[in-house]
Engineer: 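So that we are looking at the same thing, I have put the structure below in structure tokens.
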Amino acid sequence: MNRIAQGLTLVLLGAAALTSTVPTDLYLNWVKAGFGPFLIAAGVVMVVLGLLVIVAEVRGEADVPDEERAAPTTAEMDASGPGTGEVHGHAGGHDEHGGDGHDHSRAPWVAWLLLFPVLAVFVVAPPALGSYTVESTSGSAGPPPRDESGDSKFNDALSEAAPSETVRLDIQEFVMRAWVDEDREMADREIELTGFAVPNEEGEGWYLARLQMACCAADAVVNKVLITDQPAPEADSWWTIRGTWVEPEGDLYDVSEHEFATEAMEEVTDPPDPYE
């Protein structure tokens, strides 16, 4: 792989970053929205650097005289006489810089294979994490440390909603209240949740789940609620469900699965940002 190919790799990487951010929202499958400007800046820098490398290499090759690029022929080597090892200033098969007479300015041709992962980004864009991630994860997000003061504060739609109003919550907000709201303000309230379906291979019902991301898909954690009163839909299909929290007995911190009683459910399209 010569420097032109190296520059081309930079250009393709930069183009991949730009095409996943400027014309589309594909980058939201892998990082939070706040990283969009940084990806655009990185893409522009890589494209510019790659083009500079290519232009510099093309100009450099054009400025080198043909006789300097020509390799010594067999006849020239024989003309130098046996035992001398001198060919156009090369002694003992080594050049004046201590080299071995071979051109090391180019990497092996197998290095061109490095271009395939870059090209694959344009052909097969990795999807957002889904039901497979939930099923393969050992468990869902756990409750936060217990607040001994008993003064839990929530900043969600339920805090300001009227008693008869249907409240739309993120699954993460629902799960958090189901674990730490000692006042149990969700009891008997009509709540609306949106997420994707996950089969429950080890028990009854299925899960409505959403992944919570701090910065990128690599650190995503699972938030899910258990649905037992509706047939399991297709995995990874997105649904909005309306219903009520199945209030558990005993200490909320001891609950391992948060159950939801559905009153209605509607299939919806995948949201642009699949994470919470």
Side-chain angles (χ1 to χ4, degrees), residues 32 128-230 232 235-236 238-265 271 273-276:
K32 292 184 74 68
L129 302 180
S131 61
Y132 175 79
T133 301
V134 177
E135 292 177 286
S136 60
T137 302
S138 58
S140 59
R146 187 186 296 270
D147 185 0
E148 299 297 341
S149 68
D151 188 24
S152 299
K153 299 295 183 181
F154 297 96
N155 185 23
D156 54 34
L158 185 63
S159 302
E160 305 295 334
S164 59
E165 182 180 352
T166 299
V167 182
R168 180 178 298 175
L169 294 177
D170 292 340
I171 294 182
Q172 184 270 338
E173 294 172 336
F174 175 87
V175 167
M176 188 60 60
R177 276 188 176 271
W179 253 321
V180 304
D181 186 4
E182 299 294 344
D183 295 331
R184 305 194 178 206
E185 295 180 358
M186 289 196 304
D188 301 322
R189 297 295 302 270
E190 189 173 78
I191 296 171
E192 185 176 282
L193 303 173
T194 297
F196 57 87
V198 180
N200 183 11
E201 303 292 348
E202 300 180 355
E204 181 184 5
W206 54 282
Y207 295 105
L208 188 76
R210 202 79 179 259
L211 291 161
Q212 180 185 353
M213 186 169 63
C215 70
C216 62
D219 62 23
V221 295
V222 177
N223 292 301
K224 59 185 181 181
V225 296
L226 179 64
I227 310 294
T228 59
D229 55 5
Q230 294 287 345
D236 289 313
W238 283 79
W239 296 84
T240 293
I241 62 173
R242 190 174 68 254
T244 55
W245 173 42
V246 178
E247 187 177 357
E249 298 180 356
D251 192 347
L252 295 181
Y253 274 81
D254 295 334
V255 177
S256 60
E257 292 187 331
H258 311 287
E259 191 171 348
F260 195 81
T262 62
E263 298 174 2
M265 58 184 295
D273 186 355
Y275 303 100
E276 292 182 338

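Basis for what follows: all heavy atoms, side chains included, without hydrogens, waters or symmetry-related copies.
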Engineer: Roughly how far, to the nearest 0.5 Å, is CE of M265 from OG1 of T240?
Structural biologist: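 The distance works out to 9.5 Å.
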Engineer: Check whether Y275 reaches the backbone of A128 with its side chain - one donor and one acceptor, N or O, closer than 3.5 Å.
Structural biologist: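 Not a single qualifying donor-acceptor pair exists.
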Engineer: Write down the atom of W245, the atom of A187, and the distance for their closest heavy-atom approach.
Structural biologist: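 Closest heavy-atom pair between W245 and A187: CE3-N, 3.8 Å.
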Engineer: Between atom CD of E276 and atom CZ of R210, what is the distance when rounded to the nearest 0.5 Å?
Structural biologist: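 One gets 5.0 Å once the value is rounded to the nearest 0.5 Å.
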Engineer: Please collect all salt bridge (charged side-chain N to carboxylate O under 4.0 Å, His left out) contacts where either partner lies in residues 163-179, sequence neighbours excluded, each pair once.
Structural biologist: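 Pairs touching residues 163-179 that pass the test: D156-R177, R168-E192, R177-D181, R177-E185.
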Engineer: As an exercise, state the distance from CD1 of I171 to CG of L211, rounded to the nearest 0.5 Å.
Structural biologist: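 Result: 9.5 Å between the selected atoms.
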Engineer: Within a reach of under 6.0 Å around CG of D219, are more than 12 heavy atoms found that belong to other residues, nucleotides or ligands?
Structural biologist: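 Yes, enclosed.
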Engineer: Is it the case that the side chain of E259 and the backbone of V246 share a donor-acceptor pair, with hydrogens and angles ignored and the cut-off at 3.5 Å?
Structural biologist: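 Answer holds: no.
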Engineer: Applying ring pair (Phe, Tyr, Trp, His ring centres under 6.0 Å), which residue pairs with at least one partner in residues 199-228 are found, sequence neighbours left out?
Structural biologist: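 Passing the test, one end in residues 199-228: no pairs.
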Engineer: Nearest heavy-atom pair of A217 and L129: which atoms, and what distance?
Structural biologist: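 Scanning both residues completely, I find the closest heavy atoms to be O-CD1, 3.4 Å.
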Engineer: Nearest heavy-atom pair of R189 and A162: which atoms, and what distance?
Structural biologist: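 Smallest heavy-atom distance, with atoms named: NH2-O, 2.7 Å.
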Engineer: How far apart are the C-alpha atoms of N223 and Q212, what are their side-chain angles, what is the distance that settles it, and do they pass the side-chain hydrogen bond (donor to acceptor under 3.5 Å, both in side chains) test?
Structural biologist: CA-CA 7 Å; N223 292 301; Q212 180 185 353; 3.1 Å; yes
Engineer: Only counting residues at least two apart or in another chain, list the ones meeting salt bridge (charged side-chain N to carboxylate O under 4.0 Å, His left out) with E190.
Structural biologist: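 Counting only residues at least two positions away or on another chain, E190 forms a salt bridge (charged side-chain N to carboxylate O under 4.0 Å, His left out) with R242.
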Engineer: Main chain of G130, side chain of D236: is a donor-acceptor contact present, judged purely on distance under 3.5 Å?
Structural biologist: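 Checked: no pair found.
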Engineer: With sequence neighbours excluded, tell me which residues meet salt bridge (charged side-chain N to carboxylate O under 4.0 Å, His left out) with E247.
Structural biologist: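 For E247 the salt bridge (charged side-chain N to carboxylate O under 4.0 Å, His left out) partners, ignoring immediate neighbours, are R184.
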Engineer: Could you tell me which non-hydrogen atom of A178 sits nearest to which non-hydrogen atom of H258, and how far apart they are?
Structural biologist: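 For A178 and H258, the tightest heavy-atom pair comes out as CB-ND1, 3.4 Å.
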Engineer: Could you grab the distance from atom CE of M186 to atom CG of L169, nearest 0.5 Å is fine?
Structural biologist: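 So the gap between those two atoms works out to 7.5 Å.
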Engineer: Taking ring-ring contact (aromatic ring centres under 6.0 Å, His included) as the test, write out the residues that go with W238, two or more places apart.
Structural biologist: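 Testing W238 for ring-ring contact (aromatic ring centres under 6.0 Å, His included), a comparison that skips the adjacent residues, returns F196.
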Engineer: Strictly distance-based, threshold 3.5 Å: is any side-chain N or O of T262 a donor or acceptor partner for the main-chain N or O of I241?
Structural biologist: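 Answer holds: no.
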Engineer: Suppose we screen for side-chain contact (heavy atoms from CB on, under 4.5 Å). Which residues come up paired with E201, at least two apart in sequence or across chains?
Structural biologist: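 So E201 forms a side-chain contact (heavy atoms from CB on, under 4.5 Å) with E135, P199.
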Engineer: What heavy-atom pair brings E204 and L226 nearest, and what distance separates the two atoms?
Structural biologist: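 Of all heavy-atom pairs spanning E204 and L226, the closest is O-CD1, 3.6 Å.
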Engineer: Testing D229, T228, I227 for side chain to side chain contact (heavy atoms under 4.5 Å, CB included) with F260, which one passes?
Structural biologist: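 One option only clears the test, and that one is I227.
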Engineer: If you look at every heavy atom in Y253 and V180, which pair is closest and at what distance?
Structural biologist: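 Between these two residues, the closest heavy atoms are OH-CG1, 3.3 Å.
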